[in-house]
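Accompanying notes for the structure given below.
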Amino acid sequence: MLVPAGRNKWILPRTGKMLVEGRVYLSEKLRKQLGNDTALNQLAQAAELRGAFGHVVGLPDMHSGFGLPIGGVLATDAREGVVSAGAVGMDINCGVRLMSTPFPADKLSQVELARLMEALEQRIPSGIGRSSPLAQYRTGNLEHVMCQGSRAVVAEGYGLPGDISHTEEEGCLTGADPAALPAEAVKRMHQLSTLGGGNHFLEFCLVDRVIDEELATRFGLAPGTLAVMIHSGSRGLGHQVCTDYSRLMLAAAPRYNIQLPSKGLAAVPIASAEGQRYLAAMACAVNYAFANRQLMAHHVREVLSRVVGIAPGDIRQVYDVAHNIAKFERHFGKDVLVHRKGATRALPPGHRDNPPAYRETGHPALIPGTMGTGSYVVSGTAELSETFFSVNHGAGRVMSRSEARKKISVSAMRESLGEVKVNSSSLKRIIDEAPAAYKDIDEVTLVLASIGLTRPVVRLKPLAVIKGEGDE
DNA sequence: ATGTGC
């Protein structure tokens, strides 16, 4: 199915109803690992959607998802093209925030680390179905959060102004309209400041390896220091927006003479009333997710200052990026809607959409690895234009959750975690997140770096991780 | 990913 196109690069040729070809970035090893995964079919199907522009992209962590594969990018013509809820994904603005500290990680005792975890667990509920620990965010009257994102909660005292300038879109995607939210979604916006389950986590880590000294310095990441990574999204709200609009798009597509390649890729014209409403509802969920991570970052500051005495102002936000989002951008001289699903934007040095602090360097792109293994901070280069300035969002699964539960034993998982502290007393409840269920983060991250599309900046090593538990 | 499935 894939035709080699140079080192770590493959073409998915145009066949059948595909309007554009696919470009897929995999090492030989990853291509073998992917095999004939349905992800390649899903990528080919996405290329059939009206207005598909340039090429569809499969990133090194790609694996099958609902509609578009996770680790997939689809750009559609902003005027003539469609928008697909499934091409953004269930967890709208699932994303990652990285905070740096000046604190030397080797000065942190195991007792202090345990205390940090305990204190954070008290403040941040995790797992499925949990409600906000903060009364004012359980009222359902959250129009300001939907419309202003991070800014709304920083204004209420949860954060520092620098957090906003160090967040993608400054923590607020334009075009949000709470009136576009489905009734069922409105019922589910009581979860601000909660972590969630699955691959979401809150991690204390160490800036372990500095690969690019100049960029690491510019990003404020000093070797040996303690850092914190928050991986979470829009919780039940985003899930409901995707579910309801995907169903609506499926019903509406025939009215616009749109032939759908699959249910998961249900789509309507961007210009249609349904398309506009989806984008307005999606922006609400995007902003809710930015605010969610903002609130958790506030708790991280409080706990770090209380337990180990780091001044809150010294805990800086490196950046916050979205992994599941659709945004209007300009590429190859054309206005397009870029759907990124399990993909992170990574703008190159000098790009005007960079935040001012990172205009010259390109903003940091955050790639969380698997629990217990490691994560990367990378930066995009000008050559990354061929992926619409997108990089992989993680390591990518090699097994489904159910497969992982069958094949991985608790003892094997415990061994693979090594010294990493885990909050969960029952590894069985998070076994679908075992490192063995994922690809190798080093291998995956180096695919784009080795062909000059990204510059790896630092590798982070986990010290302790908080995960939401599922069922046994 | 998810008050976890048409």
Side-chain angles (χ1 to χ4, degrees), chain A residues 39 42 61-72 84-96 125-132 138 140 181-192 194-202 230-251 262-264 266 281-282 284-286 288-290 292-293 296 321-326 339-344 368 370-371 392-397 399-406 428-434 437-438 466-472:
Chain A
Q42 293 178 328
D61 59 341
M62 75 183 291
H63 58 98
S64 66
F66 170 70
L68 191 70
I70 293 154
S84 167
V88 171
M90 289 287 185
D91 189 3
I92 296 167
N93 192 6
C94 174
V96 177
S126 66
I128 280 171
R130 305 296 301 276
S131 289
S132 180
R138 289 195 298 263
L181 287 172
E184 283 301 305
V186 173
K187 289 185 202 161
R188 297 182 73 175
M189 53 182 193
H190 53 82
Q191 298 182 298
L192 282 175
T194 66
L195 186 64
N199 64 357
H200 291 168
F201 64 72
L202 206 158
I230 302 168
H231 183 189
S232 185
S234 52
R235 313 284 291 100
L237 175 70
H239 188 274
Q240 199 66 47
V241 169
C242 179
T243 306
D244 289 357
Y245 271 98
S246 199
R247 192 181 299 132
L248 184 147
M249 287 178 179
L250 191 64
S262 73
K263 272 190 186 177
M282 182 202 74
C284 288
V286 164
Y288 179 91
F290 280 135
N292 188 31
R293 293 194 290 275
M296 288 189 273
V321 293
H323 283 169
N324 283 6
I325 196 167
H339 302 70
R340 291 193 182 87
K341 181 174 183 183
T344 299
T370 313
M371 65 180 297
N392 53 292
H393 83 309
R397 284 195 163 273
M399 340 178 165
S400 68
R401 297 192 180 281
S402 53
E403 199 182 344
R405 281 187 209 107
K406 274 183 230 156
K428 211 171 172 188
R429 288 179 183 275
I430 54 171
I431 204 147
D432 49 340
E433 286 295 315
Y438 286 88
I466 296 172
K467 297 282 283 184
E469 291 181 337
D471 294 330
E472 289 233 332

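Letters A, B, ... are given to chains in the order of the sequence lines, protein chains preceding strands, and every chain is numbered from 1.
Between the C1' atom of B:dT4 and the CD atom of A:Glu184 lies a distance of 16 Å, rounded to the nearest Å. B:dT4 atom P lies 8 Å from atom NE2 of A:His239, rounded to whole Å. Atoms NZ (A:Lys263) and P (B:dC6) sit 8 Å apart, rounded to a whole Å. What separates CD of A:Glu469 from P of B:dT2 is a distance of 14 Å, to the nearest Å. Between the C1' atom of B:dT2 and the NZ atom of A:Lys467 lies a distance of 15 Å, rounded to the nearest Å. Rounded to an integer number of Å, the gap from CZ of A:Arg401 to P of B:dT2 is 9 Å. Rounded to whole Å, the distance from CZ on A:Arg405 to P on B:dT4 is 14 Å. For A:Ile430 and B:dT2, the CD1 to C1' distance is 18 Å, given to the nearest whole Å.
Across all strands, A:Glu433 comes closer than 4.0 Å only to sugar-phosphate atoms, never to a base (heavy-atom distances). Contacts of A:Gly65 with the nucleic acid, taken as non-hydrogen atoms under 4.0 Å apart, are absent. Within the nucleic acid shown, A:Asn324 has no heavy atom closer than 4.0 Å to any nucleic acid atom. No contact: A:Gly233 has no heavy atom under 4.0 Å from any strand. Residue contacts shown for A:Gly238 are absent, as no nucleic acid heavy atom lies under 4.0 Å away.
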- Item | salt bridge (charged side-chain N to carboxylate O under 4.0 Å, His left out) between A:Lys406 and A:Glu403, intermediate numbers included | CA-CA 5 Å; A:Lys406 274 183 230 156; A:Glu403 199 182 344; over 6 Å; no

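Between the side chains of A:His393 and A:Thr344, no donor-acceptor pair is found at a separation under 3.5 Å.
Between A:His190 atom NE2 and A:Ser131 atom OG the span is 4.5 Å, to the nearest 0.5 Å.
In terms of heavy atoms, A:Ala395 sits closest to A:Asp61 at O-CB, 3.5 Å.
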